[in-house]
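In what follows, a single structure is set out as structure tokens and then discussed.
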2 protein chains.
Amino acid sequence: MALFLSTFVNKVDKKGRVSVPAQFRAALADQSFNGIVAIPAFRLNAIQAFDYESMQGLSEGLDALELFSEEQASLASAIFADAHQLPFDGEGRIVLPKELAGHARITALAAFVGQGRYFEIWEPEAARTHRERSREQARRQGMTLRLHRPGDEGGGRR
Amino acid sequence: MALFLSTFVNKVDKKGRVSVPAQFRAALADQSFNGIVAIPAFRLNAIQAFDYESMQGLSEGLDALELFSEEQASLASAIFADAHQLPFDGEGRIVLPKELAGHARITALAAFVGQGRYFEIWEPEAARTHRERSREQARRQGMTLRLHRPGDEGGGRR
DNA sequence: TTATGGCATGGGAAGGCATGGGATAACATG
DNA sequence: CATGTTATCCCATGCCTTCCCATGCCATAA
């Protein structure tokens with residue numbers, strides 16, 4: 001399964017193309033769709049990127065929710081309406097649509113930031129300050145990383 | 001299966017024709033009917049569009065309700081009576097029937113809005129304000145995007 | 001240090017796609 | 001039955017995207 005780690009900064013050319021880091025592409029290799037799905041982040045000036053299968057899972061999971069929660073449905077609408085399906089070209093690049101680039105204030109450079117199961121795309125400087133702030137907040141709250149060991153939490157493996 | 005993402009705005013010519021976005025047509029490719037099924041949305045000034053197979057599925061779902069029951073009858077007439085079967089022409093366009101265009105107040109431009117398993121057709125400005133409202137509501141309620149695939153609970157893998 | 005391959009980057013060219021108009025066929029109307 | 005009207009088909013056009021090939025950098029290995 002996809003696991004996105006570390007941060008990479010790549011150039012955006014005048015056609016709006018950016019190389020997706022090879023490491024991220026490798027994590028997406030065994031997908032039915034050769035590319036990513038990107039949506040503007042709600043509360044951040046960033047883009048969130050997922051693999052296609054996750055998006056399908058989301059659409060299927062909605063059937064049940066729609067029946068119960070009006071609000072959840074509205075969130076879903078917003079997500080699907082703003083989502084973009086971005087295929088890789090032969091060199092592993094995507095084109096950043098203007099709406100997405102604008103939302104993240106991306107012009108000449110784009111930072112690809114691993115977030116585990118998904119990744120984010122930022123304007124590099126904004127990514128840096130956001131990372132510092134997150135770090136600071138984590139420190140202040142005395143957060144700890146909890147690792148699962150094999151055998152913990154019956155059923156989960158690894 | 002079909003997954004409709006993103007938003008596209010296309011022109012309506014004086015004959016009432018509109019191009020359905022190529023991406024949406026691609027999602028509809030492996031269908032028995034080369035076109036879409038469109039119905040006026042209940043609570044919104046918009047058109048809801050499905051692929052033909054989904055419509056069949058819907059009808060089967062209705063059959064499961066008691067035959068000739070009150071609900072079955074009212075639902076069926078609400079959905080199927082106002083439905084239009086809109087075939088693609090050679091260039092992938094549809095003609096918007098006056099009743100549908102009128103209900104969505106569409107004149108010169110039509111916005112195709114992906115909703116996951118189906119999509120909606122709006123007057124672009126109305127689509128924009130509706131989208132903003134949904135987004136704002138989601139943000140106010142502190143909603144977050146929850147990404148999990150079916151059967152994937154925190155920690156467990158695949 | 002030098003060679004090699006992977007990967008990011010750039011630009012040119014072909015093809016896809018939205019759009020428009022005219023011709024032809026189906027339909028309705030008097 | 002004749003004629004006007006509406007809807008479908010077909011072809012033309014131009015922009016924009018994506019495909020393809022070329023280049024150069026960097027890291028790793030010899």
Side-chain angles (χ1 to χ4, degrees), chain A residues 4-29 31 33-38 47 49 52 83-102 106-114 119 121-124 127, chain B residues 4-29 33-38 47 49 83-102 106-114 119 121-124 127:
Chain A
F4 303 102
L5 299 175
S6 180
T7 297
F8 304 86
V9 177
N10 285 337
K11 283 189 187 171
V12 181
D13 68 21
K14 44 190 163 194
K15 291 181 183 175
R17 298 179 298 188
V18 216
S19 281
V20 174
Q23 206 170 110
F24 286 10
R25 295 205 306 267
L28 290 165
Q31 293 287 319
F33 168 66
N34 189 34
I36 62 173
V37 176
I47 301 166
Y52 188 79
H84 286 257
Q85 212 171 321
L86 308 178
F88 294 142
D89 70 6
E91 285 69 42
R93 290 174 289 195
I94 55 172
V95 279
L96 281 185
K98 291 189 257 322
E99 308 93 55
L100 292 183
I106 292 173
T107 55
L109 293 173
F112 292 78
V113 182
F119 63 91
I121 311 177
W122 290 74
E123 193 285 316
Chain B
F4 301 101
L5 297 178
S6 183
T7 298
F8 304 87
V9 177
N10 285 338
K11 284 187 187 172
V12 181
D13 68 20
K14 43 192 164 192
K15 293 180 184 176
R17 299 179 298 187
V18 217
S19 281
V20 174
Q23 204 172 110
F24 286 9
R25 294 206 306 268
L28 291 164
F33 168 65
N34 189 33
I36 62 173
V37 177
I47 302 166
H84 288 255
Q85 209 171 327
L86 308 178
F88 294 142
D89 71 5
E91 284 69 40
R93 290 174 288 196
I94 55 173
V95 235
L96 282 184
K98 292 190 243 339
E99 308 93 56
L100 292 183
I106 292 173
T107 56
L109 293 173
F112 292 77
V113 182
F119 63 91
I121 311 177
W122 290 74
E123 192 285 317

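Just so it is clear, the structure is predicted and the values come from calculations on it, not from any experiment. Side-chain atoms are counted along with the backbone in the values below, which use heavy atoms only and exclude waters and symmetry mates.
Within the 4.0 angstrom heavy-atom criterion, only backbone atoms of the sugar-phosphate kind lie near A:Val95; the bases stay farther away. Within the nucleic acid shown, A:Pro87 has no heavy atom closer than 4.0 Å to any nucleic acid atom. Residue contacts for A:Asp89: at a heavy-atom cut-off of 4.0 Å it reaches no nucleic acid atom on any strand shown.
Side-chain N or O atoms of B:Asn10 include none that pairs as donor or acceptor with a backbone N or O of B:Val18 at under 3.5 Å.
Across the protein-nucleic acid pair, B:Phe24 atom CZ and C:dA18 atom C1' stand 15 Å apart, rounded to whole Å. The separation between B:Phe112 atom CZ and C:dC17 atom P is 15 Å, rounded to whole Å. Between A:Lys11 atom NZ and C:dG11 atom P there is a gap of 10 Å when expressed in whole angstrom units. Between the CG atom of A:Asn10 and the C1' atom of C:dG10 there is a distance of 14 Å, given to the nearest Å. In this structure, the CZ atom of B:Phe8 is 16 Å from the P atom of D:dC16, given to the nearest Å. Taking atom NZ on A:Lys15 and atom C1' on D:dT18, their separation rounds to 8 Å, with Å as the unit. Atom CZ in B:Arg17 sits about 10 Å away from atom C1' in C:dG22, given to the nearest Å. Residue B:Ile94 contributes atom CD1, which lies 15 Å from atom P of D:dA7 at whole-angstrom precision.
Of the side-chain N and O atoms in A:Arg25, one or more sit less than 4.0 angstrom from OP1 or OP2 of C:dA8.
B:Gln23 and B:Leu5 make their closest contact through OE1-O, 4.1 Å (heavy atoms, listed as atom of the first residue, atom of the second, distance). Taking both residues in full, the closest heavy atoms of B:Gly114 and B:Phe119 are given as CA-CB, 4.0 Å, listed atom of the first, atom of the second, then distance. Contact detail for B:Arg25 and B:Val20: the closest heavy-atom pair is NH1-O, 2.6 Å.
When each of C:dG11, C:dA18, C:dG20 is scored by its nearest atom to the side-chain atoms of B:Arg93, the top-ranked nucleotide is C:dG20.
Taking the six-membered ring for Trp and the full ring otherwise, B:Phe4 and B:Phe24 have centroids separated by under 6.0 Å.
Counting atom types as modelled, A:Glu91 pairs a side-chain N or O with a base atom of D:dC21 as donor and acceptor under 3.5 Å.
When the nearest nucleotides of DNA chain C are assigned to A:Gly92 and A:Lys14 by heavy-atom distance, the more 5′-ward of the two goes with A:Gly92.
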